[in-house]
Amino acid sequence: MTEASALLRRIRVWLVLFIVCLVLSGVTAFPLVTELRLMDEALTGWASPVGDAFPGLVEWIQRVREGLETADTRYPFLLYGTDWLAFAHLVIAVAFYGPYRDPVRNIWVIDFGVIACAGIIPLALICGPLRGIPFWWSVIDMSFGVFGVIPLLVVRRHIKRLEALTEPVAVRAGAAA
């Protein structure tokens, strides 16, 4: 296996991981009411040791559950916004097929992802307090940007190495002159 093919394999493995995480993040935004009910029941049932250790988490989950159930019952159109959030995650995941197929030509998608990950932090810090989100929950939200950027930076570095290995000889010769 050549160094270029090994790099391409690593790039694709990291991209598949990133795409799977985006898809999971998107798909789980559809059944929020059910998820919150299950989480609330878990924290007050079989996972009560966790709930006992983090009473603020239990209160927050119960508050969010109540809000979502009320919205679902009285104002279901509000949850349409989370459907669009889910759809956006799925569409963004599809965009990463471009770098999977041709990493060097589509490195811009990786740069877009890095910028999006960085944008999560100011969004959480600004909108979290405006919407009454506890700071510790905003930290959890920001962690998606922090942990999401790691595979993208690894992929970007690998793409740059792949580009250097595969650029035409004439370009290298011209650059040397």
Side-chain angles (χ1 to χ4, degrees), residues 13-100 106-157:
V13 166
W14 278 106
L15 284 172
V16 166
L17 172 70
F18 191 78
I19 290 167
V20 166
C21 289
L22 272 172
V23 168
L24 289 174
S25 180
V27 170
T28 59
F30 286 115
L32 288 178
V33 176
T34 301
E35 290 170 345
L36 266 292
R37 179 182 47 78
L38 292 171
M39 187 176 289
D40 185 24
E41 289 171 1
L43 289 172
T44 57
W46 64 267
S48 61
V50 175
D52 294 342
F54 299 100
L57 174 65
V58 174
E59 288 176 29
W60 176 246
I61 295 300
Q62 288 173 342
R63 181 174 180 212
V64 173
R65 176 186 177 178
E66 179 183 332
L68 282 172
E69 286 177 342
T70 299
D72 190 38
T73 301
R74 299 187 63 201
Y75 313 104
F77 55 85
L78 290 175
L79 296 179
Y80 189 53
T82 60
D83 296 337
W84 280 103
L85 169 72
F87 177 72
H89 278 80
L90 300 175
V91 168
I92 293 167
V94 170
F96 281 90
Y97 177 69
Y100 180 90
N106 293 299
I107 194 169
W108 68 270
V109 177
I110 305 303
D111 293 337
F112 163 80
V114 168
I115 292 166
C117 286
I120 290 172
I121 294 171
L123 177 80
L125 289 174
I126 294 167
C127 295
L130 290 175
R131 303 289 186 207
I133 306 297
F135 179 73
W136 56 268
W137 194 267
S138 292
V139 170
I140 292 170
D141 289 339
M142 288 184 282
S143 73
F144 284 94
V146 172
F147 291 116
V149 80
I150 292 169
L152 294 178
L153 292 175
V154 169
V155 165
R156 190 176 197 296
R157 187 186 57 174

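Below, each value reflects all heavy atoms present in this structure, side chains not excepted, and no hydrogens, waters or symmetry copies. Computed from a prediction, not measured in an experiment: that's the story for all the values here.
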Point-to-point distance, once rounded to the nearest 0.5 Å, from [atom1] of [X] to [atom2] of [Y]:
X: Phe96; Y: Ile19; atom1: CZ; atom2: CD1; result: 7.5 Å
X: Asp52; Y: Leu57; atom1: CG; atom2: CG; result: 11.5 Å
X: Leu38; Y: Arg65; atom1: CG; atom2: CZ; result: 8.5 Å
X: Arg37; Y: Glu69; atom1: CZ; atom2: CD; result: 8.0 Å
X: Ile120; Y: Ser138; atom1: CD1; atom2: OG; result: 12.0 Å
X: Thr28; Y: Glu35; atom1: OG1; atom2: CD; result: 5.0 Å

- Which of parallel (below 30°), tilted (30 to 60°) and perpendicular (above 60°) describes Trp136 and Trp60?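 Perpendicular.
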- Message: Determine whether Leu152 and Cys117 satisfy the following criterion, side chain to side chain contact (heavy atoms under 4.5 Å, CB included), listing intermediate values before the conclusion.
- Response: CA-CA 9 Å; Leu152 294 178; Cys117 286; 4.1 Å; yes
Kindly give the heavy-atom pair with the smallest separation between [X] and [Y], and that separation in Å.
X: Ala124; Y: Pro129; value: O-CD, 3.6 Å
X: Phe18; Y: Gly148; value: CE1-O, 3.4 Å
X: Pro99; Y: Leu15; value: C-CD1, 3.6 Å

- With Val20 via side-chain contact (heavy atoms from CB on, under 4.5 Å) - residues at least two apart: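 Val16, Leu24.
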- Does the side chain to side chain contact (heavy atoms under 4.5 Å, CB included) test come out yes or no for Leu125 and Met142, once each step is laid out? CA-CA 8 Å; Leu125 289 174; Met142 288 184 282; 3.8 Å; yes
- Query: Counting distance only, does the side-chain N/O of Thr70 pair as donor-acceptor with the main-chain N or O of Glu66 below 3.5 Å?
  - Reply: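 Confirmed, Thr70 side chain pairs with Glu66 backbone.
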Any heavy-atom pair between the side chains of [Y] and [X] that's under 4.5 Å?
X: Asp141; Y: Leu123; answer: no
X: Thr44; Y: Gln62; answer: yes
X: Leu32; Y: Asp72; answer: no
X: Trp14; Y: Leu17; answer: yes
X: Asn106; Y: Tyr100; answer: no

- Can you list the steps and then say if Val146 with Ile121 is a side chain to side chain contact (heavy atoms under 4.5 Å, CB included)? CA-CA 8 Å; Val146 172; Ile121 294 171; 4.2 Å; yes
- More than 12 non-hydrogen atoms from neighbouring residues, nucleotides or ligands closer than 6.0 Å to CZ on Phe112, yes or no?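 Incorrect, the count does not exceed 12.
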- Query: Does the side chain to side chain contact (heavy atoms under 4.5 Å, CB included) test come out yes or no for Asp40 and Leu36, once each step is laid out?
  - Reply: CA-CA 6 Å; Asp40 185 24; Leu36 266 292; over 6 Å; no
Between side-chain atoms of residues 77-90 and protein atoms elsewhere (two or more places apart, or another chain), which donor-acceptor pairs fall under 3.5 Å?
| from | atom 1 | to | atom 2 | distance (Å) |
| --- | --- | --- | --- | --- |
| Tyr80 | OH | Trp84 | NE1 | 3.3 |
| Thr82 | OG1 | Leu79 | O | 2.7 |
| His89 | ND1 | Leu85 | O | 2.9 |
| His89 | NE2 | Ser25 | OG | 3.3 |

